[in-house]
Engineer: 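Please see the structure below; I have some questions.
Proteins get letters first, then strands, A, B, ... in listed order; numbering begins at 1 in each. On a predicted model such as this, the values are computed, not experimentally measured, just so you know.
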Amino acid sequence: MLTGLTVAAAALAGKYSIQAWKSFMARPRVRKFYPGGFQSVMTRREAALILGVRESSELSKVKEAHRKVMSANHPDRGGSTYLAAKINEAKDLLLGQTRGASAF
Amino acid sequence: MAGKIIANLIILGSGVLLRAFSQAYRQALANASKTGVAQEAIQNLSKSSKAMTVQEARMILGINENTSVEEMLKKYENLFERNANSGSFYLQSKIQRAKECLEAAEQAKDEKET
């Protein structure tokens, strides 16, 4: 009878721990903001982050993302010229490397 | 007799191939030392660990030194909202960090004056 009770206790403990683990994994994630300022020399990674695309995205996706992000940050509509310049630089960087597609 | 010629050709061919591969590999190593993921990681460590400067924060929000705090907050909210809808999370982060930087600078200024 004792072994039966211990088995039952272990099963309950297991069930409880699995439930706790599931709710821990499913907790709502609050995304942390990226720290610091812009990089002094823009990299492809930063350019992709600015436009919200993958580094390997194709031309049309990059252009579409550029238009969308630019509409949110256009200087004529209250955006800053600095951010607009960064967005344009990001687009040029990604387009230059996607169109060229050199092996080296 | 033909077998010897073929054997020689094969040996010569593989020699040429080996040389070509080793050269290409060396070139790839040299390229990788200049750019590539490892280099970028090193650069990122040294560069983006720098905190945002007040000057950059002002440029991001599009204000100057004489702008009031309310004006700055208005610009921040406007930019933050617009980027939350159709911008990127990265840009949102920079706008957030700009506001935090300017608020900290404002607080430091107030503490110095009092």
Side-chain angles (χ1 to χ4, degrees), chain A residues 28-57 61-91 93-94 96-97 100-104, chain B residues 24 27-32 34-64 67 71-72 74-102:
Chain A
R29 295 285 173 87
V30 176
R31 237 183 124 174
K32 261 188 73 178
F33 290 119
Y34 288 93
F38 287 102
Q39 294 175 325
S40 39
V41 178
M42 189 177 289
T43 57
R44 285 205 75 198
R45 181 178 177 268
E46 189 180 32
L49 283 172
I50 287 176
L51 294 180
V53 295
R54 287 201 307 268
E55 280 184 58
S56 51
S57 297
K61 282 236 154 87
V62 173
K63 285 191 192 162
E64 191 188 307
H66 171 258
R67 218 173 315 153
K68 194 174 83 143
V69 177
M70 215 25 166
S71 70
N73 290 290
H74 208 277
D76 297 341
R77 269 180 251 135
S80 70
T81 47
Y82 183 68
L83 283 182
K86 284 287 179 186
I87 296 167
N88 282 330
E89 186 184 351
K91 175 194 96 168
L93 214 164
L94 286 180
Q97 304 218 317
S102 59
F104 291 98
Chain B
Q27 186 64 30
L29 278 180
N31 284 349
K34 289 197 223 99
T35 53
V37 183
Q39 203 67 10
E40 272 196 39
I42 299 171
Q43 283 172 358
N44 283 345
L45 273 177
S46 56
K47 280 182 188 162
S48 58
S49 57
K50 253 192 262 167
M52 182 171 288
T53 62
V54 176
Q55 199 201 12
E56 183 172 25
R58 289 205 184 109
M59 287 204 286
I60 287 177
L61 296 178
I63 60 177
N64 55 36
T67 324
E71 179 80 34
M72 182 272 281
K74 244 197 295 182
K75 291 223 164 193
Y76 156 76
E77 271 165 28
N78 178 40
L79 277 175
F80 194 79
E81 191 71 40
R82 300 186 68 139
N83 275 289
N85 290 333
S86 53
S88 66
F89 184 70
Y90 186 76
L91 285 179
Q92 254 193 303
S93 310
K94 296 308 169 195
I95 293 165
Q96 174 70 21
R97 298 301 181 198
K99 168 194 169 237
E100 288 171 357
C101 172
L102 289 174

Engineer: Shorter than 4.5 Å, heavy atoms on both sides: which option in V69(A), N73(A), L51(A), I50(A) has the most such pairs with chain B?
Structural biologist: I50(A)
Engineer: Which answer fits I87(A), side chain, backbone, both or neither, if we ask what part of it has an atom under 4.5 Å from a heavy atom of chain B?
Structural biologist: side chain
Engineer: Would you please classify the geometry between the F80(B) ring and the F33(A) ring as parallel, tilted or perpendicular, with 30° and 60° separating the classes?
Structural biologist: perpendicular
Engineer: So, does R82(B) use its side chain to make a donor-acceptor pair with the main chain of G79(A) at under 3.5 Å?
Structural biologist: no
Engineer: Any side-chain heavy-atom pair from L91(B) and Y34(A) closer than 4.5 angstrom?
Structural biologist: no
Engineer: Looking at L79(B), I95(B), I63(B), which one has more heavy-atom pairs under 4.5 Å with chain A than the rest?
Structural biologist: L79(B)
Engineer: Under 4.5 Å, counting heavy-atom pairs only, tell me which of S86(B), A98(B), G62(B), S88(B) racks up the most with chain A.
Structural biologist: S86(B)
Engineer: Using a 4.5 Å cut-off on heavy atoms from C-beta on, say whether the side chain of K94(B) contacts that of K86(A).
Structural biologist: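 With C-beta onward as the side chain, the pair stays apart.
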Engineer: What part of T81(A) lies closer than 4.5 angstrom to a heavy atom of chain B: side chain, backbone, both or neither?
Structural biologist: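 Neither part; nothing is under 4.5 Å.
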Engineer: In Å and rounded to the nearest 0.5 Å, what is the CZ to CG distance from F89(B) to L49(A)?
Structural biologist: 10.5 Å
Engineer: Out of N78(B), L61(B), T53(B), I60(B), which one racks up the most heavy-atom pairs below 4.5 Å with chain A?
Structural biologist: I60(B)
Engineer: Which heavy atom of M52(B) sits nearest to which heavy atom of G36(A), and what is that distance?
Structural biologist: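 For M52(B) and G36(A), the tightest heavy-atom pair comes out as CE-O, 3.7 Å.
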